[in-house]
There are 2 protein chains.
Amino acid sequence: MSISPDLDAFDRAILALLQKDNAMPQRTIGEAVNLSAPAVQRRIKRMEETGIIRANVALVDPAKVGHPITIFVEVEVESERAELIDAAKRGFAAVPEVQQCYYVTGEADFILVVTVATMADYEALTRRLFFANNNVKRFRTFVAMDRVKVGMEVPVGR
Amino acid sequence: MSISPDLDAFDRAILALLQKDNAMPQRTIGEAVNLSAPAVQRRIKRMEETGIIRANVALVDPAKVGHPITIFVEVEVESERAELIDAAKRGFAAVPEVQQCYYVTGEADFILVVTVATMADYEALTRRLFFANNNVKRFRTFVAMDRVKVGMEVPVGR
DNA sequence: GTTCCAAACGAAACAAACTTGCATTTCAAG
DNA sequence: CTTGAAATGCAAGTTTGTTTCGTTTGGAAC
C-alpha cells in the first residue's frame, strides 16, 4: 500500500472524532482540537487522499431494515490452492448478506459475518454458499443473541 | 426498540447510497432517486430520528493508523449466570481494541473482533481479558491474513 | 362521486458549511 | 541569522444544507 505519512496529534484527534460522527461541522472539530476550520478541512482531505480515511458512510440498524439476525460462520475448505482460495474470496465477497469476510489462520479458513431476515434465509444461503461448493469441507454456525458492540472504529490514541 | 415505520422504495434507495457514501450532496442523491433535495433531507432526518440510521462515521484503514493486525476470538465462559454474562459484556465492550463483540449461541459464548498493533499487544490483551478473568474457561484465536470484505453495510434491496 | 384531512412534495429564499486565495507564521536546515 | 518548505488563520467566494410556503397526492368518511 501507499506509505502513510505519520499522523500527528491533530490528525489523530480529528480521526477520533470523525469515527464517531463525520457530520460534525469542521468549525466544531476545529474548536475541539484547537485548529481553524480550513486547517481541519485540509487535514481531512489529505487523509482521504492517502486512504487513511477509507470511506464516509451511514451506519444503519439491521433490525430496523428487516435483517434482525446476525450470524458468524467458520468455514473450512478442502484445498488451499491459491486459485481456489481466491475464488472463494470472490464468491463470498459478492454476496450482499455477507457483511464481512476474513481469511484466517487457525482451526478455520474463513470467518464470515452474515446478516439475514430469517433463519430460512440463512438456510437457503448455506445451501448456495456451502453445500453447493465442492471446496467447502465444513462450516460452523454461531447465531448472535446480542450485538454487544458493533462498528469499525479503530483506536487512534497515543 | 421503537417501531420502525416501514420504508418505501425511496428510503431504501437513499439508505443504499448513504451506506456507501454519506458525503454525497443531497441534491445528487435527489437526482439519483428522483426526488427534490428537501424531500431527501426530510427522509434522512426522519431515519436518523427513528434510529434507522444509527450514526454517520468515517471508516479508517487500521493498517495506516498502526493497527495492522485483526484477530477473531471465540470465548467460552464457565458460568452463564446472567450477572456474570452482563459483566463480561461490559468488560469486553469497554476495551478500545475490541472493535466488535457478540454474544452468541453455539460452541462459543462470545465472539470478539480485535484490532492491535503487534502480536505482543494481543498477548498482553489476552492476559488482561482472559487469563485474569475467572469466568473465562477457554478461548480460541484466529488471526486474519486477509480482510476480504469489511464494513457494516446491510442489504436494503427489495 | 365528493369532501376533507393529513402527509409529502417542489420551488425558492435563506442560513450554514465548505473551499480557496493569500499573507503570515513556524521551524528546521544551512 | 537567513532561507525555504509546510502549515496556519483570515476573509472572500462558492457550494450545500435547511426552512418556508403554497400545491399536490392519497385515502377515509360520507
Side-chain angles (χ1 to χ4, degrees), chain A residues 1-61 64-66 152-154 156-158, chain B residues 1-61 64-66 152-154 156-158:
Chain A
M1 304 301 136
S2 59
I3 41 152
S4 342
D6 35 1
L7 311 173
D8 62 14
F10 285 127
D11 290 324
R12 278 194 292 270
I14 293 171
L15 276 185
L17 292 173
L18 291 184
Q19 284 191 99
K20 300 234 176 253
D21 177 14
N22 73 349
M24 179 181 305
Q26 296 171 351
R27 180 175 46 83
T28 309
I29 297 174
E31 290 166 7
V33 304
N34 262 3
L35 230 46
S36 70
V40 170
Q41 128 85 4
R42 284 185 281 256
R43 284 167 178 272
I44 292 176
K45 186 183 174 198
R46 186 166 50 81
M47 291 193 284
E48 284 173 344
E49 287 169 350
T50 57
I52 292 170
I53 295 178
R54 257 198 319 117
N56 289 284
V57 304
L59 300 185
V60 333
D61 185 334
K64 296 199 175 163
V65 294
M152 281 287 134
E153 199 170 338
V154 181
V156 290
R158 160 74 26 229
Chain B
M1 305 304 135
S2 60
I3 39 152
S4 345
D6 34 1
L7 311 174
D8 62 15
F10 285 125
D11 290 322
R12 279 195 293 271
I14 293 170
L15 275 185
L17 292 173
L18 290 183
Q19 285 191 98
K20 300 231 175 257
D21 177 14
N22 73 351
M24 179 181 306
Q26 297 171 352
R27 283 166 170 73
T28 309
I29 297 175
E31 292 165 9
V33 304
N34 261 0
L35 230 47
S36 69
V40 171
Q41 128 89 2
R42 283 186 284 255
R43 283 167 179 273
I44 292 175
K45 186 183 175 198
R46 185 165 50 81
M47 292 193 284
E48 283 173 345
E49 285 169 351
T50 58
I52 292 170
I53 296 177
R54 250 196 325 116
N56 290 283
V57 304
L59 300 186
V60 334
D61 185 334
K64 296 202 174 160
V65 295
M152 281 286 135
E153 197 172 339
V154 181
V156 291
R158 161 74 29 231

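Proteins come first, then strands; the chains are lettered A, B, ... in the order of their sequence lines, and each starts at number 1.
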Got a sec, which residues hit side chain to side chain contact (heavy atoms under 4.5 Å, CB included) with [X], two or more places apart in sequence or on another chain?
X        : value
A:Ala13  : A:Val33
A:Ala55  : A:Val57, B:Leu59
A:Pro25  : A:Thr28
A:Glu153 : A:Gln19, A:Lys20

*Do B:Met47 and A:Val60 have side-chain heavy atoms sitting under 4.5 Å apart?*
no

Closest approach of [X] and [Y], non-hydrogen atoms and distance?
X       : Y       : result
B:Gly30 : B:Val40 : CA-CG2, 3.6 Å
B:Asn56 : B:Glu48 : ND2-OE2, 3.1 Å
A:Ile53 : B:Ala58 : CG2-CB, 4.1 Å
B:Asp61 : A:Gly51 : CB-O, 3.5 Å
A:Asn34 : A:Phe10 : O-CE2, 3.9 Å

*Please list, chain by chain and in numerical order, all residues satisfying salt bridge (Lys or Arg N to Asp or Glu O under 4.0 Å) with A:Arg43, sequence neighbours excluded.*
A:Asp8, A:Asp11

*asked:* Restricting to salt bridge (Lys or Arg N to Asp or Glu O under 4.0 Å), what partner residues turn up for A:Arg27, sequence neighbours left out?
replied: A:Glu31

_Residues within residues 35-45 of chain A bordering DNA chain D, heavy-atom distance below 4.0 Å_ = A:Leu35, A:Ser36, A:Pro38, A:Ala39, A:Arg42, A:Arg43

*Go through residues 12-27 of chain B and report each residue with a non-hydrogen atom lying under 4.0 Å from DNA chain D, sorted by number.*
B:Pro25, B:Gln26, B:Arg27

_Where chain B begins and ends its contact with DNA chain C, read 5' to 3' at 4.0 Å from heavy atoms_ = C:dA8 to C:dA12

_Between CZ on residue A:Arg12 and CG on residue A:Leu15, distance to nearest 0.5 Å_ = 9.5 Å

*Rounded distance (nearest 0.5 Å) linking atom CG of B:Asn22 with atom CD1 of B:Ile14*: 13.5 Å

*First contact, last contact: which nucleotides of DNA chain D are these for chain B, 5' to 3', heavy-atom distance under 4.0 Å?*
D:dT16 to D:dT20

_Keeping B:Lys64 on the side-chain end and A:Thr50 on the backbone end, is there a donor-acceptor pair under 3.5 Å?_
yes

*Between the two ends of the helix from C:dG1-D:dC30 to C:dG30-D:dC1, what is the bend in degrees, rounded to 10 degrees, where each end axis spans five pairs?*
30°

